[in-house]
There are 2 protein chains.
Amino acid sequence: MVTIYDVAAKASVSAMTVSRVINNTGKISDKTRAKVKRVMEELGYVPNQTARSLVLQQTKLLFLLITDIMNPFYTTLARGAEDAAKRSGYRLLFGNSDESIEKESDYVTTILTTRVDGVLVAPAGDPSLPHLESLRKHKVPFVLLDREVPGIECDIVLGDSKDGARRLVEHLVAKGHRNIAFVNGSPSVSSARLRLQGYQDGMKLSDLAYNERYVFETSFGPLSDLTEMGQWLDQLDPAPTAIVAGNNVLAVEILRLFRERGISVPEDISIVCFDDLGPYSEVEPFLTVAAQQAYQFGYMGMQMLVERIQERETALPWKKIVLPADLVIRRSVKTLS
Amino acid sequence: MVTIYDVAAKASVSAMTVSRVINNTGKISDKTRAKVKRVMEELGYVPNQTARSLVLQQTKLLFLLITDIMNPFYTTLARGAEDAAKRSGYRLLFGNSDESIEKESDYVTTILTTRVDGVLVAPAGDPSLPHLESLRKHKVPFVLLDREVPGIECDIVLGDSKDGARRLVEHLVAKGHRNIAFVNGSPSVSSARLRLQGYQDGMKLSDLAYNERYVFETSFGPLSDLTEMGQWLDQLDPAPTAIVAGNNVLAVEILRLFRERGISVPEDISIVCFDDLGPYSEVEPFLTVAAQQAYQFGYMGMQMLVERIQERETALPWKKIVLPADLVIRRSVKTLS
DNA sequence: TTGTATGCGTTATCAC
DNA sequence: GTGATAACGCATACAA
């Protein structure tokens, strides 16, 4: 490996001088600077970030932990985070917890040992609390994305889940639906709780009775088995004319069930959901959704994180950004007479 | 920060003993081991991977560079790579080149300075050659995924693009189509060239004339503008009854164009493509595809990479894995009489 | 079974 | 402007 000393020797200067050229610090004569640069080129010298990290006590590495890398909401969010990170001169490590507290735990270990400068976390749920406490204890700055965790105070970027869910219900009601079911994520996830509240609010505001039998709670991630959801649907009497899905993944799972059963959307039943499908919003049934600004989640979250890192000394107050969910009306809802 | 010396002092042993406990090396009495472990717990000691990397000359970090993080093919591939990496005790950094040689170049710099132990690369195209030469020059082991780059010899995992494309054409022909257009990625990408060959072979084997006017070449990534593709389509006379898309992203872009124009699939025109849509294969038009084993690309590529790293001394011959593309027949092709 | 000295590649400090 | 030295946290080689 070519080190700073190899360059120094060949350029007949000290290692310190080379370091100054690399980092553009201190005063260097143009002549030596040119010579050092030429030698670096000749030798194909590349600074060793590991050694640099050790002495500087910072890695210039950030970490993004998401819960579902197959979900366009999170990949779009990742794009935003990546762009913002690069703009601030940071590199981005990345992990995928699969909505699993255990996998999340492994990543927290990685984060701690790798000494990343900060973390962007979409927590798996309320049980993520000890993981966040661990980060806090080791003074790793972090920003939460998409989900709150009771018991922890921190910077956070949230979507307006309650409002979005309520508007989805109201849209269905406006289209003549009165029998509306709700397929939601786990109640251990804050956004799922808020979306349930929004659903309840929407029903109440429309003078419709809330019936908990019409709510099915599962995971926001891909479902390994659809039978339970199918059984829940079968026992609903009267059968719903519309379903609200707690997120895009669940909407697709419901569509999968309907396909198996030969049920058409929106002819036989209507469906709306939280989060857009990214590029796949182009295909049928061209879902009506409460679209969140996924890219902004990542971009703004990353900005907050970088600010938090750079102002580490000053005691900034915790910031909370709530992004609206925009109702995008497409063609997955049938108008009832 | 709690260091190995803090633990050593509190446990009344030397730093070396602590190091041995951490790494399970050497002989340690059970008593001291227990004491050291207890103190580590009490102090919340976390090993500093940066320092460890500096002395061991390895980071236990691997890098995965893909060209489109929004594409289910690559996210599924990433899942495979991640799983295999974890299984081998490596952590995974990750970057997204967006099919851009310039962004790819930035990532190569990151890879070099970060001293990752190895890289999994889906190259942006043939112009990636200097990037790969740079990795080779700095002795960073790498494995190519999905695309070959003329001029470089290395381990690689490829899909059988030619065969898959030929079979897509043959399927269309079997369904009565004779006028088949092809929307492909850039010819600077090896898989695009092979898919074009497969298309040509398929036409020839079916005694159909190959007409280059029926081939539209663009990028495998999302298109910012559909007008060019629209104009190409308009001038085709006779209009094709079916389109083969070079990958899933292009298929979705074509669907987007059709939606704008009120064209239905498969009623008005049939469409097939390379690569599955992941979870979104459930939605209409329920595309018939040549599905690649995306997860295996990542998993097997990562295995090859780890093996290459571990056998660095022994001169292993370059390995090439070619994974078949499976024809999955669904409902996006209309049968012509 | 445990400890001491040394070095990994870089930068901060202080001296010249 | 430039250089010598120490330090970052850890593990290897060698002693004890």
Side-chain angles (χ1 to χ4, degrees), chain A residues 1-37 39-40 43-61 89 91 112-117 138-140, chain B residues 1-37 39-40 43-61 89 109-117 138-140:
Chain A
M1 180 191 304
V2 180
T3 76
I4 207 169
Y5 282 102
D6 300 324
V7 177
K10 185 154 185 186
S12 310
V13 296
S14 74
M16 241 352 269
T17 300
V18 178
S19 175
R20 290 190 178 100
V21 171
I22 295 168
N23 299 295
N24 269 318
T25 57
K27 301 292 175 195
I28 302 268
S29 75
D30 288 349
K31 196 184 297 178
T32 40
R33 183 193 311 281
K35 182 167 56 177
V36 169
K37 285 202 167 180
V39 173
M40 290 200 301
L43 261 39
Y45 169 74
V46 177
N48 185 324
Q49 184 60 41
T50 302
R52 191 180 269 169
S53 294
L54 186 59
V55 52
L56 292 182
Q57 297 289 62
Q58 58 163 359
T59 55
K60 281 288 175 183
L61 270 177
R91 286 158 301 129
L112 258 25
T113 59
T114 307
R115 296 292 198 271
V116 299
D117 292 347
H138 288 94
K139 302 195 191 308
V140 181
Chain B
M1 182 190 303
V2 180
T3 77
I4 207 169
Y5 285 102
D6 300 323
V7 177
K10 185 154 184 188
S12 311
V13 296
S14 75
M16 235 357 265
T17 301
V18 179
S19 175
R20 289 190 180 102
V21 171
I22 295 168
N23 299 296
N24 270 319
T25 57
K27 302 291 175 194
I28 302 269
S29 75
D30 288 349
K31 196 185 299 178
T32 39
R33 183 194 310 280
K35 183 166 57 177
V36 168
K37 284 202 168 178
V39 172
M40 290 199 303
L43 262 39
Y45 169 75
V46 177
N48 185 324
Q49 184 60 40
T50 303
R52 190 180 269 168
S53 295
L54 186 59
V55 52
L56 292 181
Q57 297 288 65
Q58 59 164 355
T59 56
K60 281 288 175 182
L61 269 178
T109 303
T110 292
I111 286 164
L112 259 25
T113 59
T114 308
R115 296 293 199 271
V116 298
D117 292 347
H138 288 92
K139 303 195 191 310
V140 181

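Bear in mind that the values here come from a model prediction, so they are computed numbers and not experimental data. So that the names make sense, note that chain A is the first sequence line, chain B the second, and so on, each numbered from 1.
In this structure, A:Leu43 places its CG atom 14 Å from P of C:dG9, rounding to the nearest Å. One atom, CZ of A:Arg52, and another, C1' of D:dG9, lie 18 Å apart when rounded to the nearest Å. Between the CD atom of A:Gln58 and the C1' atom of C:dT10 there is a distance of 13 Å, rounded to whole Å. Atoms CE (A:Met40) and P (C:dT10) sit 11 Å apart, rounded to a whole Å. The CG atom of A:Asn23 sits 17 Å away from the C1' atom of D:dG1 (whole-angstrom rounding). If you measure from atom CG of B:Asp6 to atom P of D:dC8, you get 11 Å, rounded to the nearest angstrom. In this structure, A:Asn48 atom CG and C:dT11 atom C1' are separated by 13 Å, rounded to whole Å. Across the protein-nucleic acid pair, B:Met16 atom CE and C:dT1 atom P stand 15 Å apart, rounded to whole Å.
The phosphate of D:dT2 (OP1 or OP2) has no side-chain N or O of A:Thr17 nearer than 4.0 angstrom. Proximity of A:Ser29 to the phosphate of D:dT2: a side-chain N or O atom is located under 4.0 Å from OP1 or OP2.
Within 4.0 Å (heavy atoms only), B:Leu54 reaches at least one base atom of the nucleic acid. Within 4.0 Å (heavy atoms only), B:Ser53 reaches no atom of the nucleic acid at all. Residue B:Thr32 is classed as a sugar-phosphate contact, given heavy-atom separations below 4.0 Å to backbone atoms only.
When side chains are defined from C-beta on, A:Ile4 counts as touching A:Tyr45, because their heavy atoms get closer than 4.5 Å.
Which of D:dA11, C:dC8, C:dT10 sits closest to the side chain of A:Thr3 comes down to C:dT10. Considering only the side chain of B:Val55, C:dC8 comes nearest among C:dG9, C:dC8, C:dG3. Relative to the side chain of B:Tyr5, the nucleotides C:dT10, D:dA11, D:dG1 differ in distance, and D:dA11 lies closest. With distances taken from any side-chain atom of A:Ile28 to the nucleotides D:dT2, D:dG3, C:dT10, the minimum falls on D:dT2. Side-chain proximity of A:Leu56 to the nucleotides C:dA12, C:dG9, C:dG3 is greatest for C:dA12.
Nearest-nucleotide assignment on DNA chain C puts the 5′-proximal partner with B:Ala15, out of B:Ala15 and B:Gln57.
For the residue pair A:Thr17 / A:Ser14, a side-chain donor-acceptor distance below 3.5 Å is found, with atom types taken as modelled. In this model, a donor atom of one side chain and an acceptor atom of the other lie less than 3.5 Å apart for A:Arg91 and B:Thr114.
Under a 3.5 Å cut-off, the side chain of A:Arg52 and the backbone N or O of A:Gln58 do not form any donor-acceptor pair.
Side-chain N/O atoms of A:Arg20 and base N/O atoms of D:dG3 include a donor-acceptor pair closer than 3.5 Å.
Enclosure of atom NZ in A:Lys37 is not indicated, since only 12 or fewer non-hydrogen atoms of other residues, nucleotides or ligands lie within 6.0 angstrom.
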